[in-house]
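First up is the structure itself, then whatever we jot down about it.
Chain identifiers are assigned alphabetically (A, B, ...) following the order of the sequence lines, protein sequences preceding nucleic acid strands; residue numbering begins at 1 within each chain.
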Amino acid sequence: MSDNIAVRMAPSPSGFLHVGAARTAIFNYLFARHHGGKFIIRVEDTDEKRSSEEMIQAILEGLKWMNIDWDGEIHFQSKRFDVYREHALNLLNDDKAYYCYCTPDELNEKRQKAQKEKRTFLYDRKCRDLSDEDRAAMDAEGRRKVLRIKMPIEGEGSFDDVIAGTLKRDYRELDDWIIMRPDGRCTYNFCCVVDDHLMGISHVIRGNDHITNTFKQVVTYDALGWKRPVFAHIPLILGKDKSKISKRHGAVSVTEYRNQGIFPETLFNFLSLLGWNPGDDREIMTRDELIEAFRLERISPRNAVFDPVKLEWMNSEYIRRMDDNELLDKARWSLIEAGLTTRLSIESHWKWHLRVVQLLKERVKTLNDFPRMARYFYTDEFDYDEKGQKKHFFKEPDDSLDMLKRFRDELSRVGDDFRQDEIEAALRGLSEKMHIKPALLIHPTRLAVTGMTGGPGLFELMELLGKEKCLQRINRAIEYIQQKPD
RNA sequence: GUCCCCAUCGUCUAGUGGCCCAGGACAUCGCCCUUUCACGGCGAAAACACGGGUUCGACUCCCGUUGGGGACGCCA
């Protein structure tokens, strides 16, 4: 019923997938899938100076990582100049465009003059009404020429936008812009119209920084006798200081979030909720739920600030809901990369590593938190937390030493399978004998065994570490306290 | 500067004239749970930018001010 729905993402090759572009892609994707329409990718590389294969690959990789799939082949505008030229020339034949012989230098001079006089620069249409003789003379001189479209000189242009409503603009603020360069390559605004029409794009969903372009583009549709698509200009993503998000705001490319240990599902979910909401209180939503709920009309017209803190929270929600085995499968790489373990170890001792992940699952926000918080499971090389040692080792060093030594001796009597209930019984038994609260024993022990003041339950953590490791680390702490001159 | 857009808690937002002395989420702060850290539970603080209208009644409609953003290329 809606098989005539088609949308596109039109990235210009910038070298990486920006979160703003990613969110535009997501909205297009969600809209297409909701309606069972097509989602096309068209690379806007008409300016070959600024394009390269690597840059395009980076963008495509970002999309693939977020599992955003597109329909059909990827289109490259750089391969379609002939098509654009043909339509540009049609406009010339229909007297809806004309050749302009003004040089960039002349134009720049006028532009600067206008700037100095605090006027908006608009092309003065010097060449719009050149006579055939004038043109012939210029051509005879071999002067370079561009093709400009004839925009209405006065009156009001307008178009309907799903998000912003009816937008109007006085034609006196728009000039006859260039549609084709001297070498026959057409420019963005023109190529965009031609492609959107030829590719059957029904809805143009893009950033609202394109609104000015749209006034130019709708005139082009009309001049070509083509039906306008539906426009939906989505608000921009802002940084913390409320200016358009950029590198100085921290991470802007999806790759950076991947490197920070954020799941693609999280970023997808988070970005889809920036400027849009399903109309109820849901926030953690599966892709299918998002597709089902997505409505263009519910996109807010307001710019939105990107909040990385909420992104991390959302990621922690995904972690907690994830199956343990799957989580280990994802976390293993950061553990390996941090040099804490090896692929072989994880594969051959899956159950043990799985236990590590289970103990940390409730406490991490990103995949990168695993190596940080699991260090002591993998290596003896860790320092004691600064505040922790002051409080649990050196506040009453003699007491700490006494407790640690007595607990060590209790522990050595626990069976070699070192079950957590037995460890706990040993500790609580000792605390009773000493007439002290268990916590007084627990804190120094935790610090001795993990170097940290927080973490998973002490007894389950010790069981996983094993008897030998625990005794060894407690002894090490005892020496550490004895050696430290106070 | 000109033009366009926007304006609810710090942030993301709900709200389309009475249901709102404004609801949810993140963050913050308390309390509970607890060996710690988290999780979880309960609770607190926190917003309709301002000024005029319209209306019996405005967060919701209109105008203006202020603030913010964007666009002003032979870039996309």
| note | Which of B/A71, B/C4, B/G70 is nearest the side chain of A/Leu236? It is B/G70
| said: For B/U28, give the paired nucleotide (Watson-Crick: N1-N3 plus N6-O4 or O6-N4; G-U: N1-O2 and O6-N3; both under 3.5 Å), or none. | reply: B/A44
| message | More than 12 heavy atoms of other residues, nucleotides or ligands under 6.0 Å from CD of A/Glu117: yes or no? | response | yes
| request: Select base, sugar-phosphate, or nothing to describe what A/Leu273 touches, counting heavy atoms under 4.0 Å on all strands. | output: sugar-phosphate
| task | Measure centre to centre between the rings of A/Phe306 and A/Tyr257, then say whether the value is under 6.0 Å. | result | yes
| field | Side-chain N,O (A/Arg181) to OP1/OP2 (B/C75) below 4.0 Å | value | yes
| Looking at side-chain heavy atoms only, is the closest gap between A/Phe418 and A/Leu411 below 4.5 Å? | yes
| request: Check every atom of B/C12, B/U35, B/A71 against the side chain of A/Lys244 and return the nucleotide holding the closest atom. | output: B/A71
| note | Ranking A/Asn277 and A/Glu424 by the position along RNA chain B of their nearest nucleotide, the one closer to 5' is A/Asn277
| Relative to A/Phe394, does A/Lys390 satisfy both conditions: NZ or CZ under 6.0 angstrom from the six-membered ring centre, and within 45 degrees of the ring's axis? | no
| task | Between B/A76 and B/C39, how far apart are the C1' atoms? Round to whole Å, please. | result | 47 Å
| Roughly how many Å is it from CD in A/Glu283 to C1' in B/A27, rounded to a whole number? | 13 Å
| field | Short side-chain N/O contact to B/C72 OP1/OP2 from A/Arg111, under 4.0 Å | value | no
| Where the side chain of A/Arg144 is concerned, which of B/C4, B/C74, B/G24 is the nearest nucleotide? | B/C74
| How far does the P atom of B/G24 sit from the matching atom of B/C6, given to the nearest Å? | 28 Å
| task | Examine the base of B/A14 for any acceptor or donor lying under 3.5 Å from a partner atom in the side chain of A/Asp280, and report the outcome as yes or no. | result | no
| A/Phe215 or A/Pro438, whichever maps to the more 5' nucleotide of RNA chain B | A/Phe215
| field | Residue matched to B/A14 through Watson-Crick or wobble contacts both under 3.5 angstrom | value | none
| said: What's the gap between B/U65 and B/A25 when it is taken at their P atoms, as a whole Å value? | reply: 39 Å
| query | Is the base of B/G69 touched by the side chain of A/Ser243 through a donor-acceptor pair closer than 3.5 angstrom? | reply | no
| When you compare B/U34 with B/A46, how far apart are their P atoms, in angstrom units rounded to a whole number? | 32 Å
| Do other residues, nucleotides or ligands put more than 12 heavy atoms under 6.0 Å from the CZ atom of A/Arg172? | no
| Counting side-chain heavy atoms from CB outward, which of B/C26, B/A76, B/G68 is closest to A/Lys242? | B/G68
| query | Does the ring of A/His210 lie flat against the base of B/A76, closer than 5.5 Å centre to centre with planes under 30°? | reply | yes
| said: So A/Gly207, base contact, sugar-phosphate only, or nothing? Heavy-atom distance under 4.0 Å. | reply: nothing
| Within less than 4.0 Å of OP1 or OP2 of B/A76, is there a side-chain N or O belonging to A/Arg42? | no
| Pairwise P distance, B/U36 and B/C31 [rounded to whole Å] | 14 Å
| request: Could you check which nucleotide pairs with B/C19 in any of the strands shown, counting Watson-Crick or G-U wobble with both distances under 3.5 Å? | output: none
| So what does A/Leu311 hit on the nucleic acid, given a heavy-atom distance under 4.0 Å: a base, only sugar-phosphate, or nothing? | nothing
| field | B/U2 phosphate, OP1 or OP2, under 4.0 Å from A/Arg119 side-chain N/O | value | no
| task | Measure from NZ or CZ of A/Arg148 to the centre of the six-membered ring of A/Tyr123 and say whether it is under 6.0 Å with the direction within 45° of the ring axis. | result | yes
| request: Using a heavy-atom cut-off of under 4.0 Å over every strand shown, decide if A/Thr214 touches base, sugar-phosphate, or nothing. | output: nothing
| task | Look through every strand shown and name the nucleotide pairing with B/U2 as Watson-Crick or G-U wobble, where both distances are under 3.5 Å. | result | B/A71
| field | Atom NZ of A/Lys216 with >12 non-hydrogen neighbours under 6.0 angstrom | value | yes
| Among B/A76, B/C3, B/U35, the nucleotide that comes nearest once only the side chain of A/Ser12 is considered | B/A76
| Length of the CD-C1' vector between A/Glu460 and B/C39, whole Å | 13 Å
| field | Opposite nucleotide pairing with B/U55, Watson-Crick or G-U, both atom distances under 3.5 Å | value | none
| In Å and rounded to the nearest 0.5 Å, what is the CG to CD1 distance from A/Leu17 to A/Ile59? | 6.5 Å
| field | Base B/C39 paired with A/Arg363 side chain (donor-acceptor, <3.5 Å) | value | no
| Gap in Å between the two P atoms, one belonging to B/A44 and one to B/U60, rounded | 27 Å
| said: Taking any heavy-atom pair under 4.0 Å as a contact, classify A/Arg298: base, sugar-phosphate, or nothing. | reply: sugar-phosphate
| said: Can you measure A/Leu458 atom CG to B/A38 atom P for me and round it to whole angstrom units? | reply: 17 Å
| said: I need the CZ-C1' distance between A/Arg148 and B/C74, as an integer number of Å. | reply: 8 Å
| What does B/C9 pair with, Watson-Crick or G-U, if both distances are under 3.5 Å? | none
| request: Take the protein atom CG of A/Asn189 and the nucleotide atom C1' of B/A71, then report the distance between them rounded to whole Å. | output: 11 Å
| task | May I have the distance from A/Gln420 (atom CD) to B/U35 (atom C1'), rounded to whole angstrom? | result | 13 Å
| field | Same-atom distance (P) from B/C48 to B/A22, integer angstrom | value | 10 Å
| task | Rounded to the nearest 0.5 Å, what's the gap from CD1 on A/Ile178 to SG on A/Cys100? Could you check? | result | 6.5 Å
| Quick one: which of B/A76, B/G70, B/U35 gets closest to the side chain of A/Gln77? | B/A76
| message | So, does A/Arg321 get its side chain near the phosphate of B/C39, meaning an N or O under 4.0 Å from OP1 or OP2? | response | no
| Complement of B/A49, any strand, by Watson-Crick or G-U distances under 3.5 angstrom | B/U65
| field | Pairwise C1' distance for B/U54 and B/C63, with rounding to whole Å | value | 11 Å
| query | Once you round it to whole Å, what is the distance between C1' of B/G68 and CG of A/Asn208? | reply | 13 Å
| task | Round to the nearest Å and state the distance from A/Asp307 atom CG to B/U28 atom P. | result | 11 Å
| request: Return no unless some side-chain N or O of A/Lys361 is found under 4.0 Å from OP1 or OP2 of B/A38. | output: no
| said: What's the closest nucleotide to the side chain of A/Ala304 if the choices are B/U13, B/A76, B/G69? | reply: B/U13
